[in-house]
Structures are given as C-alpha cells and as structure tokens.
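The structure appears right after this line, and notes come after that.
Numbering starts at 1 and runs along the sequence shown. Keep in mind that the numbers below use all heavy atoms, side chains included, and drop hydrogens, waters and symmetry copies.
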Amino acid sequence: MKRGSVFSFHVTVVIAAIAFIYFSTVFVFIDEWFGLWSSPGMLNAVFFTVVAVMCIYNYALAIYTDPGQVPSSFVPDVEHPDHIVHEIKRKGGDLRYCQKCSLYKPPRTHHCRICNRCVLRMDHHCVWMNNCVGHANYKIFFIFVMYAVVACIYSLVLLAGSITVDSSKDDLQSEGSYRVVYIISGLTLVPLSLALGFFLGWHFYLILQNKTTIEYQEGVRAMCVAEKGGYVYSHPYDIGAYENLISVLGPNVLCWPFPSTKHIDSGLRFRTSYDNIPGTPASK
C-alpha cells in the first residue's frame, strides 16, 4: 500500500538540508579543492551525486512505503502446530487485541498513536519521515540512514580538504560568501555525522539481535523481571546473528545496499529461537 502526500515541516527540513549539503559539496568544496571540471573534480562530483541520489531515493521510498498493515481478517491460530509462540498481554494473559483498531495484533505488532493504526513489526514513528518504521519499510529506512552517513562523512572530508588548499583567488566578495557556506556546512555536517553514525550503529546492533527499538525497551524490563525471579531472559526472535541479518537485508549480499524487499513476507509470523529446538512441533 502506498501513502498519499506526507509533506510536513520535518520532511521539508530534511529535503532542504539534503539540497544544501549537495550543492555546497559539489559547487563549493569540490570546486575549491580540485576544480569542478578537472578529472578528480568530476570523479568526486559523480560519486557524490550517486550517493546523494541513492539517499534521496531511499528517503522518498521510506516515506511513501506503507510500513505494514494488519489484515482485517487476521485471527491468531493458537492450535496450529507451527505457531508455538504467541504474544500475550502483560495483564490477564489474553491474546493481544487492539481496542482502537478492533483487530488482533500479530506478533511484534504495535499501535501507533500518531498514525492511529497498528503497524506490523513496528520499530518507531519517525517524525523526520512523517511515517512509521515497520516491517515493510525497515530495510529501506536502514539503507537511507546508511547512505546519509556516507554522504555526510564524504562531504565533511571534502570540506576539510578544500579548507587546507591555499586559494589564490583575490575576490573578497566570493571569499565572504564561501565563508558563510563553510560555517553553515560545518555546523550542520559535524553533528549530523555523529548523530546519524550513532543511529546507524544502533540499528545495526538491533538487526544483529533481531530486535526493534520497542522490543529492546521491553526486553530491558523483561530482563529485570526475569532476574528477580531467578530466570534468564532471551529474546525469542533472536535466531543467530547471520540469520537475523539476512531476515532484514535479504539473503543476497549484493542486494544489501539497495532497497529490495522481495525477501519480506507478510509480517504476520516470524521465526523464533524455539523453531530450532528438537522436539518442538515447529522443528519436526
């Protein structure tokens, strides 16, 4: 399912930042360091443009891709031999049911108060995309952040390199205008590179653990409760680092840098660590 127009203040800010970083990098940093029409200048401009295009494309795709909607006909099959894990409410132990959507919640599904709907394998609601990050667009979101980090660091390197080059230009007006570009770019790129780099590392860690942001927070609470009771908590959807990785990015390594989602299933059921335990119905 595709969404309609989703422009908001935060989305406009992101688009403006991408445009500013691109034009300052290509037409100021690269031009000042190498000369835009020189061989190294054109090579850097082409490479940075490819990264920027991939960043913009994945951003737009993450915005307009529906994160995953619960089918109105979904009902948990508690008697199916392969479905040995069922999420229940903390209080009462009943199967999870959304009173607002009037639907049963599949595993890892949560209700988003901003979108006012249940989202399959919901990670979080991203105000910078004006959309939820969920089952159907999580990989796209992750790839977007990856290209954004590459673009920011690459631009920062070009900025630093262009500053170190001795300029022979005497045009004071040009120097003054460029000085403003350098200051704004530095104040934008440094915190962006740090924040997005941390964010990318955080989600890579979550992927390796096969957790969402919500599940990480719930896992911390579950771990504390388990320790008080003398038990050891283990995340049921952690099926091994490599299996966790390909469940999100896909089995083909060559497709990892691209927003391909052919490997994604319905999002109504997920493999668990219990599926591989001998003697359980799912392992037979």
Side-chain angles (χ1 to χ4, degrees), residues 67-70 74 76-78 80-98 103-113 118-126 132-143 145-146 198-251 253 256 261 263-284:
Q69 188 171 11
V70 180
F74 173 77
D77 188 356
V78 295
H80 197 287
D82 290 342
H83 300 179
I84 60 174
V85 174
H86 298 281
E87 296 181 355
I88 59 176
K89 295 179 180 179
R90 296 192 193 98
K91 297 180 180 180
D94 297 327
L95 291 172
R96 297 166 68 236
Y97 185 84
C98 181
L103 293 170
Y104 280 103
K105 292 182 180 180
R108 316 181 81 174
T109 298
H110 295 274
H111 185 88
C112 176
R113 291 176 293 178
C118 286
V119 177
L120 297 174
R121 195 186 180 274
M122 180 179 172
D123 187 272
H124 68 285
H125 183 92
C126 181
C132 273
V133 177
H135 178 66
N137 66 347
Y138 183 78
K139 179 190 175 179
I140 301 170
F141 161 80
F142 180 78
I143 298 300
V145 176
M146 181 190 72
F198 172 81
F199 200 56
L200 181 66
W202 167 248
H203 277 279
F204 186 69
Y205 164 78
L206 290 178
I207 290 175
L208 291 178
Q209 300 288 320
N210 203 352
K211 294 180 181 178
T212 64
T213 301
I214 295 175
E215 289 169 350
Y216 174 82
Q217 296 169 347
E218 292 179 339
V220 171
R221 292 193 294 266
M223 190 179 299
C224 294
V225 173
E227 287 179 355
K228 290 180 180 179
Y231 301 99
V232 177
Y233 172 79
S234 62
H235 184 55
Y237 300 105
D238 185 359
I239 53 178
Y242 180 71
E243 291 294 329
N244 294 338
L245 197 63
I246 64 175
S247 69
V248 173
L249 300 181
V253 178
W256 286 5
T261 55
H263 63 285
I264 293 179
D265 56 17
S266 64
L268 300 178
R269 182 183 181 271
F270 298 89
R271 285 180 58 193
T272 70
S273 55
Y274 301 102
D275 294 347
N276 302 319
I277 299 177
T280 59
S283 64
K284 292 180 180 180

Test of ring centre spacing under 6.0 Å for H124 and Y216: no
All side chain to side chain donor-acceptor pair (under 3.5 Å) counterparts of T213, not counting sequence neighbours: D123
Residues L120, R108; criterion side chain to side chain contact (heavy atoms under 4.5 Å, CB included); working and verdict: CA-CA 7 Å; L120 297 174; R108 316 181 81 174; over 6 Å; no
Audit row: L103, H111, side chain to side chain contact (heavy atoms under 4.5 Å, CB included) steps and yes/no: CA-CA 10 Å; L103 293 170; H111 185 88; over 6 Å; no
Minimum heavy-atom distance between F270 and P107, given as atom pair plus value: CE1-O, 3.7 Å
Exercise: identify the closest heavy-atom pair between C98 and K105: CB-CE, 3.7 Å
Chi angles and distances behind the side chain to side chain contact (heavy atoms under 4.5 Å, CB included) call for E215, N210: CA-CA 9 Å; E215 289 169 350; N210 203 352; 5.9 Å; no
Counterpart residues, side chain to side chain donor-acceptor pair (under 3.5 Å), relative to E243 (two or more places apart): R271
Distance in Å, R221 CZ paired with Y233 OH, rounded so as to fall on 0.5 Å steps: 10.5 Å
CZ (F198) with more than 12 external heavy atoms under 6.0 Å: no
Stepwise side chain to side chain contact (heavy atoms under 4.5 Å, CB included) check, V248 with F142: CA-CA 10 Å; V248 173; F142 180 78; 5.7 Å; no
Reported CD1-to-CZ distance for the pair I214 and R121, which is rounded to 0.5 angstrom: 10.5 Å
Minimum heavy-atom distance R96-P106, with the two atoms named: NH1-O, 3.3 Å
Crowding at CZ, F204 (>12 non-hydrogen neighbours, <6.0 Å): no
Heavy atoms from other residues, nucleotides or ligands near OH of Y104 exceed 12 (cutoff 6.0 Å): no
Heavy-atom check, side chain of K211 versus side chain of H235, under 4.5 Å: yes
Closest heavy-atom pair and its distance - C132, C112: SG-SG, 3.3 Å
Rounded distance (nearest 0.5 Å) linking atom CH2 of W256 with atom CE of M146: 11.5 Å
I207 vs L245 side-chain heavy atoms within contact, under 4.5 Å: yes
Heavy-atom closest contact (N244 atom, L208 atom, distance): ND2-O, 2.7 Å
Summary of side chain to side chain donor-acceptor pair (under 3.5 Å) pairs that have at least one residue in residues 198-208, sequence neighbours excluded: Y138-H203
Donor-acceptor contact present, side-chain N137 to main-chain K139, <3.5 Å: no
Nearest atoms (heavy-atom pairs only) where H263 meets S247: CD2-O, 3.7 Å
